[in-house]
Amino acid sequence: MNQLIGYLINGIAVGCIYAMLGSGLVAIYRVTTVVNVAQGTFAVMGGLIASSALSFGLPHGLGELVGVIAAGILGLLVGKIALTKGGISPISSLVITIGLAVAAYALEVGLWGSLPVSLAGIRSVLRFSGVAIQDQYLLIIAVSIVIFIGLWAFFSKSYIGLALTACSSNSYGARVMGIDVRRMGVIAFGLGGVLGGLSGILIMPVQPLSFNSDINLVVMGFAAAVIGGMTRFEYALAGGVVLGVVEELIAGYWQARYQLEVALGIVILTMVFEGALNARRGTAAWR
Amino acid sequence: MSLTEQTRSEILRVDSVSKTFGAVRALHDVSLSVSEGECRGIIGANGAGKSTLFRIIARHMSSDSGHVSYRGKSLAHSPAHSLAGMGLAIVFQEALPFQDMTVQENIMVGGHSTLRHGFLAAMLKTPSRRVEENEIRTRSWEIIDRLGLSDIANEHAQELPFGMQRLVQIGRALCGRPRLLLLDEPASGLRFQERNALAEVLKKLISEGLTVMLVEHDVRFVFSLAESITVLDLGEVIAEGTPQEIRENPQVIEAYLGTAANA
Amino acid sequence: MLEVANLVVHYDGAVAVDDVTMRIENSELVSLIGPNGAGKSSLIKAVAGLVPIDGGKVSLQGRLAYVPEGRQLFRDLTVDQNLRLGAWPNRRQSTDYVYDLLPEIKKFEKRKAGQLSGGEQQLVAVARGLMAKPDLLAIDELSLGLSPLAAAKLVSNLISLHESLGIALLIVEQSATVALKMCQRAYVMEAGRIVKSGTSSELIESGEMLDAYLGGMGDGQP
Amino acid sequence: MAIDTQKVQEISKSKSGSRLPLFGAAIALIVALLLPSVLNSANSSVYVYTMLYAIVAVGLSLLIGYAGQVSLGQAVFVAVGAYTAAILSAHGVPTILAFILAPFVSMMVALIVGIPLLTLRGNYLAFGTLALQLIILGVVANTTFLGGSLGIPSIPQLGLTSSLQLGSAKSYAWLSLVLLVGVLIVSRNLINSRPGRGLRALATTEIGAAAAGVPVGRYRLYAFLLSAAYGGIAGAVYAFFTGFISPNSFSVLLSIEFIVMIMVGGSRSIWGAVVGAFVISILVQVLNTLGTLHGLPNSMPAIFSYAAYGLLLVVIIRYMPDGIVAWFGKRLGRLTTASKNLD
């Protein structure tokens, strides 16, 4: 029983990371219908930059902030490159984000080497009635709660948030209002960068990241986002938490080595199922 | 329906077809019958349900109730791609010419269901493939010739002017040796001269015995071609008859111009 | 206010607007009518700068707001949020401005736009256009998809707005009756060209209106 | 209708009229045939890999360029081919038989995963194929029967008969050249025939293709199977040639390399795929040489190739979306018309 509580809390924390990555993907997909393969890169870069900032002597908090801001700027940059002025198909934009993710490897290996890098998080461990939980996991959950409330406020209250939702709800209508849909897309990429960077910095103390961790991160983020239908943040959160908990339970009660495979299997099934559902509903799109 | 039409055999029958999207009633209890050799126009204002009807006949969408039959056989279980093989050629309004393919290749695609050879035969260049390829090449040339596209047969179809692209689409449909040609808004987006040229081509095809069904909002265009017309309004058939009858039908005038425009 | 001279608009090679010339004076109420596919929407989109112009000239004094065909509301946003976005270029505009003008909208300000009826949506779309404080409000397919009753109500709303604000209105309408009843003057389009223009009463008298909609029979030409 | 057959023949001749590409292909073939006899063994390996890359890339261009279905997990079918060849020959099956069976096993795997996956489109299909590759590689790495993450060592040489074995890099070079030429001929035959036209049509518009009678769903699947088979052939040769395979040999990065190749060459042409494979192989060689120059850190070759792949992909998609073959073709065309105008 105690063991189970431990697994659940770890799973929820890991799931929050997936959800944060997934929310970055959702933020971008909603506006641009591009799946950003470089989402994992934001996490890795954010984490690596934060680790360097800390080792240069910046205090905790500030060092992490530098990492998040850098990831946000990186996001804007990726958006600017992936969304051309003339407009290209979403799938071409997706391939550009692949290119940028691979190009980032060169930077990461060159500056930080190819070995996993860790980050000093909270090292303490909370113990109660036989359960040991690393405080970093609790921190992850706490930060995630703040982030998701922040996202909700941003999208329902701020002008830019409204405009972003408008672009996803009806991009032609947004254009009629004079909203520059491409610029909003780039801003969405920036937001994706911030969310990615945050997730990297939060996970690094418990799971060191190397340059090629990005694939697993983006795939798990995508998994969370797909379970949420690619358009809703709260569903992505639910999707991420479900995935994290399932993974943790599989690792705990069966074997750790099939974590990723099972999670990916769930994603493929979700996509296929959703696709079949849409195909049945699809007639509505044909009017 | 007039007597002369009943003596000709029926090729397409739409039987009390209804379709709703959410709260919107796109089609309500629509029935009509097209005879062999006829040119039928379907007209109606924006939102009348024309394109929904077209999509249902083309098996691109299923109806909520009612059914469509072609030469006495229900189409309920025929997938969209099987219609071409049955002699029912469809030209969608939004269908682009196939990219990076020449005019001739575009037209040859239309003969897909009249040929047999599959992937393996194609890859190994079997004798049957050679025979069929020669046949389809010759057939496509006949069509190119009669549509007057010879000079541009090797151009990429997507680079041609709109009017030519429309002709390529019709050539593509003809290459499947259809008995019934279903056209969705064939005149839309065409210049005046292009419309005339298209009408001439269609007139000729009709005079040679091809059955044509036009779903079209350009009333002038339809009136010049169709011998009978069905008018849809808000998803229902409100009139059917010859162009002259339609033009004088007060209900049609009301549907088009609004109530009491001539008062 | 608005002057359009020899305007040409192409769509992927197709001609949508073919050499159109028209003008609208300050505070005038003008309609653009014609059958489906005549090019009305393309003309108005070109005027609003939403589609590129392939020839001719559009000159506009003052601000134009465009209410697009099919309303194009943001269905996932509330009515109030929709209205706020109507003032996107100059941001900080309070929505109270339009609630004062159109009090009935206030009743559903918190509802999602996608849940409203067609008539309500069209009213919100008009209100969203007004948020930009336009001198000319162009409304595409005003009555499309509305019941006659809802259309009549919307028309009376618009006429009172026109009278109280003194803005010019350009109404694109398929239903000639609705348009001619509410506007002083109209242009009739067919196949991308303006085939007839004049005051509403002149147009109602003329037989050419019917021709534009139902085709001339005499010459047998398409 | 009377039809001028003379004219038909004339025009169909003039269509294939430009002899330049054919001439170029002939020269390329002669060079390719002679090359293995002068290359040293290290360069012969590069030659073999280039040919194998080209085979996979041609399959991928059929799938992405012609049929319009984006797969980001193509390396998985190479892996299936390689593992089939390795496992079967390790269990006493004659290597030639293992070699022949490899593409069929790849096709079978493609069939099993393709039926559900191909209900997806666009972004989802791309991600689905990527996820599929991660799953299959993960399972392979955890299955002792398949060698686990350590892989399978000492795979025998490919023997055509019990006495005639391919031993040298040279012989593999010729074998892979023959296979590539075969794949090219077969693919070309396909493209210019009824099913090929059907595929190309559905890449533009599935609705339009279905209206023309093309069974869209089945054809998408066939294209997927065919590209898997090409991957299987290349994988089998790779296994026999290197004698060692592991899950690391078929990483996601390899799948992305294939994408880079067809994008660089031009995805809508099988020649583009071949050119892309050559350009990338040569580029990687040049970068390797530069990266191992005296005094540079060990990771330099990797850094160079990551940067090259990534930036190349971005530049190509943004500025030459039809690939370099079409890009140069267009410029050449403009040049020739310009010179004609001068006359």
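Nothing here was measured: the structure is a model prediction, and the numbers come from that model. Order of the sequence lines fixes the chain letters, A, B, ..., with proteins taken first and strands second; residue numbering starts at 1 for each chain.
Within the 4.5 angstrom heavy-atom criterion, only side-chain atoms of C:Leu77, from C-beta onward, approach chain A.
Within the 4.5 Å cutoff, side-chain heavy atoms of C:Arg128 are placed close to those of A:Met177.
Around OH of A:Tyr172, the count of heavy atoms belonging to other residues, nucleotides or ligands within 6.0 Å exceeds 12.
The contact list for residues 161-171 of chain A toward chain C, using heavy atoms and a distance under 4.5 Å, reads A:Leu162, A:Ala163, A:Thr165, A:Ala166, A:Ser169, A:Asn170 by residue number. Residues of residues 48-61 of chain C lying under 4.5 angstrom from chain A, judged on non-hydrogen atoms, are C:Leu50 by number.
Residue A:Ile179 holds its CD1 atom at 5.0 Å from CZ of C:Phe74, rounded to the nearest 0.5 Å.
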